[in-house]
Structures are given as C-alpha cells and as structure tokens.
Amino acid sequence: MCRAVRRLRKRLGRRGEVLVILGIGKIVWGVGYIVETGPAERGLEMLTAMCPLSSWAWLWIVAGVITGGSAFLPAGRDKWGFVAAQAPPTVWATAYAVSFLAGVYPRGFFLFVFYATHHVALIVWASKVREETPPARPAHPGAARGAG
C-alpha cells in the first residue's frame, strides 16, 4: 500500500497533489448542495434567481472532476485544472460581493473576502508552484567524485 501511495505521489508531483485535493473538495461541496435541498443560502440570491442551488452544485462537481483529472497531466499542461478550480469560488465570491453591495446581506463582504483569499488567491498561488526537479546526474559515472 505504501509503495503504491509513493508511486502515485511521485506521478502526481506537488501540483498534481494540490489538484487532487482541490478536486475532491469541490466535488464534495457540490454533492452537499444536492443532498441538502433546503432553502437557498443567504447572500446567494443572485445565483438562485437564475436557478436553484442544486443546479449550481453541478458547477462545483464538474469543476472538481476537471480539476482532479488535470492532476494526472504533466506540469504545464495542468493549466485547465487550475482554471476550473477557480470558477466556483469566483462565482460564489461575486454573488456574496453583490449581495453586500446591494445591502441585502451585510455578512456578504466577509464571505467575499473568505472566498477571494482562501480559495481564489490560494489557487492562483498553487498554480505558480513549480515541480521539483531532481538533481542533475553527472555526465560520466565518476565525474561527481572529483579527479583524484
């Protein structure tokens, strides 16, 4: 089991690990909106005016699948995973900002800042993380030991 986990982590790299974590989180968050079909959350009236939150849940789920799936792409080709990871929290942050600015939901400002920093900004930062490159091997087997 440990060997399989090590092999998977090596295959994913740092960026891939982040994408898997983000993908799982987004899928779970979206499923939560489908499982709980109660009243709409305050501050998200801009969204619920267009369709119910159970429909918006699919934005989180689809973004999570794209994000998690992109983890298995080589670094540099995983860009769309980070773009997909940005979509749902950006939509939620915008809805909360609008609800605050419209005077509908005073707490919307704080939720906007939460989504903007803990989701959007963190994802932007993670997208800029470079994969570690292993140390270069010497061209000749004995070259690293020095001439001596």
Side-chain angles (χ1 to χ4, degrees), residues 1-139 144:
M1 178 69 171
C2 290
R3 182 180 290 170
V5 170
R6 278 194 301 269
R7 205 173 318 134
L8 179 62
R9 289 186 71 194
K10 184 177 179 182
R11 163 105 165 79
L12 291 175
R14 294 189 302 181
R15 295 168 59 93
E17 287 178 3
V18 168
L19 287 168
V20 165
I21 293 166
L22 289 170
I24 291 169
K26 289 180 185 333
I27 292 168
V28 169
W29 191 255
V31 170
Y33 277 110
I34 291 173
V35 169
E36 178 62 43
T37 56
E41 287 190 30
R42 281 198 63 203
L44 298 177
E45 292 85 2
M46 180 183 96
L47 301 179
T48 58
M50 294 180 242
C51 59
L53 281 179
S54 59
S55 297
W56 283 104
W58 287 101
L59 172 66
W60 287 91
I61 294 168
V62 170
V65 169
I66 293 169
T67 301
S70 295
F72 296 92
L73 298 173
R77 293 185 176 232
D78 57 2
K79 174 178 108 174
W80 291 109
F82 289 104
V83 171
Q86 289 283 32
T90 300
V91 170
W92 253 241
T94 302
Y96 283 123
V98 167
S99 72
F100 169 74
L101 294 171
V104 175
Y105 190 47
R107 186 172 177 241
F109 171 76
F110 301 100
L111 292 169
F112 161 75
V113 172
F114 171 76
Y115 276 98
T117 58
H118 281 76
H119 291 273
V120 177
L122 190 59
I123 293 166
V124 168
W125 172 82
S127 73
K128 300 195 182 311
V129 169
R130 293 177 186 252
E131 286 300 327
E132 290 183 25
T133 55
R137 290 187 173 172

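- Summarising the geometry, atom CG belonging to Asp78 is positioned 10.5 Å from atom OG1 belonging to Thr67; distances are rounded to the nearest 0.5 Å.
- Using a 4.5 Å heavy-atom cutoff, the side chains of Leu19 and Leu73 are not in contact.
- Within the 4.5 Å cutoff, no side-chain heavy atoms of Arg14 are placed close to those of Val18.
- Of the inter-residue distances, the one linking Glu45 atom CD with Tyr96 atom OH reads 9.0 Å to the nearest 0.5 angstrom.
- Nearest heavy-atom pair, Cys51 versus Trp56, reported as atom, atom and distance to 0.1 Å: SG-NE1, 3.3 Å.
- Looking at heavy atoms from C-beta onward, Val104 lies out of side-chain contact with Met46 at the 4.5 angstrom threshold.
- Leu22 CG to His119 NE2: the interatomic distance, rounded to the nearest 0.5 Å, is 9.5 Å.
- In this structure, Ile123 and Ala85 approach most closely via the heavy-atom pair CD1-O, 3.4 Å.
- For the pair Pro89 and Lys26, the minimum side-chain heavy-atom distance is below 4.5 Å.
- What you find for Ser54 and Ile34 is that their closest heavy atoms are O-CG1, 3.9 Å.
- Heavy atoms only, all atoms of each residue included: Leu53 and Glu41 are closest at CD1-N, 3.6 Å.
- Residues Arg42 and Pro106 come closest through the heavy atom pair NH2-CD, 4.5 Å.
- Centroid-to-centroid, the aromatic rings of Trp29 and Tyr115 stay 6.0 Å apart or farther.
- Residues Phe114 and Trp92 form no side-chain contact, since every pair of their non-hydrogen atoms from C-beta on lies 4.5 Å or further apart.
- The minimum heavy-atom distance linking Pro88 with Ala63 is given by the pair CG-CB, 3.6 Å.
- The CG atom of Leu47 sits 9.0 Å away from atom CG of Leu59, with the distance rounded to the nearest 0.5 Å.
- Put simply, CG on Leu44 and CE on Met50 are 10.5 Å apart, with the number rounded to the nearest 0.5 Å.
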